[in-house]
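Notes follow the structure.
Quick note: residue numbers are just sequence positions, from 1.
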Amino acid sequence: MKWTTHKAVAVAGSLLFEPGITAVAAAVFGSILPDMIDTLRAGSDRQRWARLHRQSSHWFGWYAILVILALPLQRILLNIGWDMAAFLPLNWIPYIASNTGTAVLWIGLGALSHIALDALNPKGVPLLPFGRRYPRAGCNLVRTGTWRETVFLACALLLIGVQFSHIRAALCMMLNLPQ
């Protein structure tokens, strides 16, 4: 899938579960991270990129580990932040620590959404992290750039729009404004 679709699905998913700017921005970054890794590894060589694409950078395990480690990381950083705030007049340290854990979690979730979307492609994604002939998971539901991908993009944009209308309605109700 194209980056636009990956980003739109990440925004829709992050808004659905945690409509904070940290979560949304981190999910968008995570949603293109596997392809960014391939691009950095290949440099400007398009043939090398084609060989590297959807290999070990697209293994779900890396990002599942990131998600699993995010919650303990957030607790550790929060404890360190509160300890530092007790000695230094810097009351923003716990806030930064909390947002760092949230960002790590949503980067991992955004990358997992990327992997899930790429698994809908005929080439699929690897089930094991290394090797050229490892088993892959994929189905022939969506090819990059086809009308089916456009349907995924439209559904994600519709979900984003619906969520914003719910947020707007809730704000209007809280502020006692007409809808």
Side-chain angles (χ1 to χ4, degrees), residues 1-42 49 52-78 81 92-121 123-127 129 137-139 141-146 148-171:
M1 297 220 180
K2 295 183 179 179
W3 280 17
T4 306
T5 308
H6 285 298
K7 290 183 210 177
V9 169
V11 168
S14 60
L15 284 175
L16 190 62
F17 293 104
E18 187 175 339
I21 188 67
T22 303
V24 174
V28 168
F29 175 73
S31 74
I32 58 173
L33 182 60
D35 286 346
M36 289 172 50
I37 291 169
D38 290 343
T39 302
L40 286 172
R41 288 178 62 206
W49 186 88
L52 289 172
H53 187 55
R54 292 198 189 136
Q55 299 299 327
S56 64
S57 68
H58 281 64
W59 181 56
F60 70 93
W62 304 128
Y63 309 108
I65 291 168
L66 198 60
V67 169
I68 291 167
L69 293 178
L71 296 176
L73 175 69
Q74 186 172 16
R75 285 209 171 114
I76 291 167
L77 290 174
L78 206 51
W92 48 266
I93 292 176
Y95 176 77
I96 298 291
S98 174
N99 278 340
T100 302
T102 301
V104 170
L105 173 70
W106 282 98
I107 288 171
L109 290 172
L112 286 172
S113 76
H114 180 108
I115 305 305
L117 288 174
D118 278 0
L120 300 175
N121 192 287
K123 186 176 179 185
V125 294
L127 292 176
C139 61
L141 185 62
V142 179
R143 287 188 184 275
T144 303
T146 63
R148 291 180 181 177
E149 181 178 1
T150 306
V151 169
F152 269 88
L153 178 59
C155 289
L157 294 175
L158 183 65
L159 186 57
I160 292 168
V162 167
Q163 291 177 69
F164 275 120
S165 67
H166 288 325
I167 293 168
R168 187 174 57 246
L171 286 173

Shortest non-hydrogen contact from [X] to [Y]?
{"X": "A70", "Y": "V104", "answer": "CB-CG1, 3.9 Å"}
{"X": "A103", "Y": "A26", "answer": "O-CB, 3.4 Å"}
{"X": "A12", "Y": "A156", "answer": "CB-O, 3.8 Å"}

[atom1] of [X] to [atom2] of [Y]: how many Å apart, nearest 0.5 Å?
{"X": "T5", "Y": "L157", "atom1": "OG1", "atom2": "CG", "result": "8.5 Å"}
{"X": "D38", "Y": "I32", "atom1": "CG", "atom2": "CD1", "result": "12.5 Å"}
{"X": "E149", "Y": "L120", "atom1": "CD", "atom2": "CG", "result": "10.5 Å"}
{"X": "T146", "Y": "L141", "atom1": "OG1", "atom2": "CG", "result": "9.0 Å"}
{"X": "L105", "Y": "T100", "atom1": "CG", "atom2": "OG1", "result": "12.5 Å"}
{"X": "N121", "Y": "R148", "atom1": "CG", "atom2": "CZ", "result": "11.5 Å"}

Q.
If you count heavy atoms of other groups shown closer than 6.0 angstrom to NZ of K123, is the number above 12?
A. yes
(Q) Going by side chain to side chain donor-acceptor pair (under 3.5 Å), name the pairs with one or both residues in residues 24-35, residues two or more places apart or in two chains. (A) W3-D35, D35-H53, D35-H58, D35-H114
Q) Going by the salt bridge (charged side-chain N to carboxylate O under 4.0 Å, His left out) test, which pairs reach into residues 154-163, not counting sequence neighbours? A) none
Q. Below 4.5 Å, heavy atoms only, C-beta onward: do H6 and D118 meet side chain to side chain?
A. yes
Q. Within the distance-only criterion (no hydrogens, no angle test), does the side chain of W62 pair as donor or acceptor with the backbone N or O of S56 below 3.5 angstrom?
A. yes
Q: Can you spot which of L109, I107, I115 makes a side-chain contact (heavy atoms from CB on, under 4.5 Å) with Y63?
A: I115
